[in-house]
Amino acid sequence: MRKIILILALTLCACTFQTKHRGYVFPDDLETQVASIKTTKQLEDIIGSPQVKTVYGDEVWIYFGEDENYHGPFPLSYDKKTVLLAWVRGGRVTKTQILHDADLPDVKIDSDETEIPAAIELNALQELFNNIGRFSPGALGQ
C-alpha cells in the first residue's frame, strides 16, 4: 500500500499545470479601445510599442500575445492567441484589424533541415583540431 501511495505521490508531483503569457497582455475590451485610436501616440499609450513594424509596403505595426500552457508530461498547448495589426501612415492609424485563434492558420514546422550551400560540415574531432592555434595566450587574460 505504501508503494502505491509513493508512486501516486511521485506521479502527481510530476504533473504541473502552469500557464505563461507570451507577448502582449491585451485588455478585455480591446475592440472598443482600438476603435477609438486615431494616432500612433494613442496606440503607444494604450497598447505600447509594437513588436514588429513592416519594412516593405504599407507600414503595419504588429502586436502579438498568447498563453502557453504546461500540463505535466503532455506537450505544450497554446490558446488565447491574439494579433493586432495597425496600418500607419505618418502619425495616423488608418486601419486596425484584430485576429483571434480561429482567424489564425495552424502552421506545422517541418522537421527537415535546410542545407546551407557551400557549408563545410566537420565532426567533433575535426572541429577540435581545426581550432588548434587559433587562440593566442593574450586572449586568455594572460
Side-chain angles (χ1 to χ4, degrees), residues 3-142:
K3 290 181 181 180
I4 293 172
I5 292 173
L6 180 63
I7 290 170
L8 288 174
L10 289 174
T11 304
L12 287 175
C13 291
C15 296
T16 60
F17 300 99
Q18 190 177 42
T19 299
K20 291 183 179 180
H21 191 77
R22 302 286 182 205
Y24 284 92
V25 179
F26 293 108
D28 293 333
D29 59 341
L30 179 63
E31 286 84 6
T32 57
Q33 287 193 13
V34 168
S36 65
I37 294 173
K38 302 294 180 211
T39 66
T40 55
K41 175 84 169 103
Q42 290 174 332
L43 184 61
E44 286 181 327
D45 289 344
I46 294 172
I47 307 295
S49 299
Q51 288 169 313
V52 178
K53 292 181 183 179
T54 57
V55 177
Y56 299 106
D58 294 338
E59 184 176 1
V60 179
W61 291 12
I62 303 169
Y63 300 84
F64 177 76
E66 73 179 350
D67 288 340
E68 186 176 69
N69 303 311
Y70 298 93
H71 299 290
F74 302 110
L76 286 175
S77 63
Y78 301 93
D79 63 354
K80 297 184 183 172
K81 294 180 211 146
T82 305
V83 177
L84 169 63
L85 303 169
W87 281 262
V88 174
R89 183 168 292 143
R92 292 186 26 237
V93 176
T94 59
K95 177 183 169 186
T96 58
Q97 184 177 5
I98 299 169
L99 304 171
H100 295 287
D101 285 331
D103 305 323
L104 300 169
D106 286 334
V107 177
K108 303 234 181 207
I109 306 299
D110 193 8
S111 62
D112 291 340
E113 294 181 12
T114 303
E115 292 185 22
I116 300 171
I120 299 172
E121 294 186 22
L122 303 175
N123 62 30
L125 196 57
Q126 289 171 328
E127 285 280 350
L128 178 67
F129 285 110
N130 195 29
N131 285 327
I132 292 176
R134 284 195 167 177
F135 305 105
S136 64
L140 299 175
Q142 295 177 347

(request) Quick one: closest heavy-atom pair of Gln126 and Leu122, and the distance? (result) OE1-CA, 3.3 Å
(message) Main chain of Thr19, side chain of Asn69: is a donor-acceptor contact present, judged purely on distance under 3.5 Å?
(response) no
(request) Determine yes or no for a side-chain-to-main-chain donor-acceptor pair under 3.5 angstrom, with Thr82 supplying the side chain and Gly65 the backbone. (result) no
(request) Look up atom CG in Leu85 and atom OG1 in Thr54, then write down how far apart they are to the nearest 0.5 Å. (result) 10.0 Å
(request) Could you check if a side-chain atom of Lys81 sits within less than 4.5 angstrom of a side-chain atom of Asp101, using non-hydrogen atoms only? (result) yes
(request) Might you confirm whether atom CG of Asp28 has over 12 heavy atoms from other residues, nucleotides or ligands at distances under 6.0 Å? (result) no
(request) Report, as yes or no, whether the 6.0 Å neighbourhood of atom CZ on Arg92 holds more than 12 heavy atoms from other residues, nucleotides or ligands. (result) no
(request) From the options Leu84, Val34, Val83, select the one residue that forms a side-chain contact (heavy atoms from CB on, under 4.5 Å) with Phe26. (result) Leu84
(request) Under the side chain to side chain contact (heavy atoms under 4.5 Å, CB included) rule, collect the residues that match up with Lys53, sequence neighbours excluded. (result) Pro50, Glu59, Trp61
(request) May I ask you to check whether over 12 heavy atoms, not counting those of Glu121, lie within 6.0 Å of atom CD? (result) no
(message) Nearest 0.5 angstrom please: Gln97 CD to Ile62 CD1, how far?
(response) 11.0 Å
(message) Holding to ring pair (Phe, Tyr, Trp, His ring centres under 6.0 Å), I want the full list of residues that pass it with Tyr63, two or more places apart in sequence or in another chain.
(response) Tyr24
(message) Please find the pair of heavy atoms, one from Ile98 and one from Asp103, that lie closest to each other, and give the distance.
(response) O-OD2, 4.1 Å
(request) For residues Arg22 and Phe64, determine if any side-chain heavy atom of one lies less than 4.5 Å from a side-chain heavy atom of the other. (result) no
(message) I need the Leu43 CG to Thr96 OG1 distance, nearest 0.5 Å.
(response) 9.0 Å
(request) Decide if atom CD1 of Ile4 counts as having more than 12 heavy atoms of other residues, nucleotides or ligands within a radius under 6.0 Å. (result) no
(request) State whether the side chain of Gln33 and the backbone N or O of Leu30 hold a donor-acceptor pair below 3.5 Å, judged by distance alone. (result) no
(request) Can you measure from NZ (Lys80) to NE2 (His100) and round to the nearest 0.5 angstrom? (result) 12.5 Å
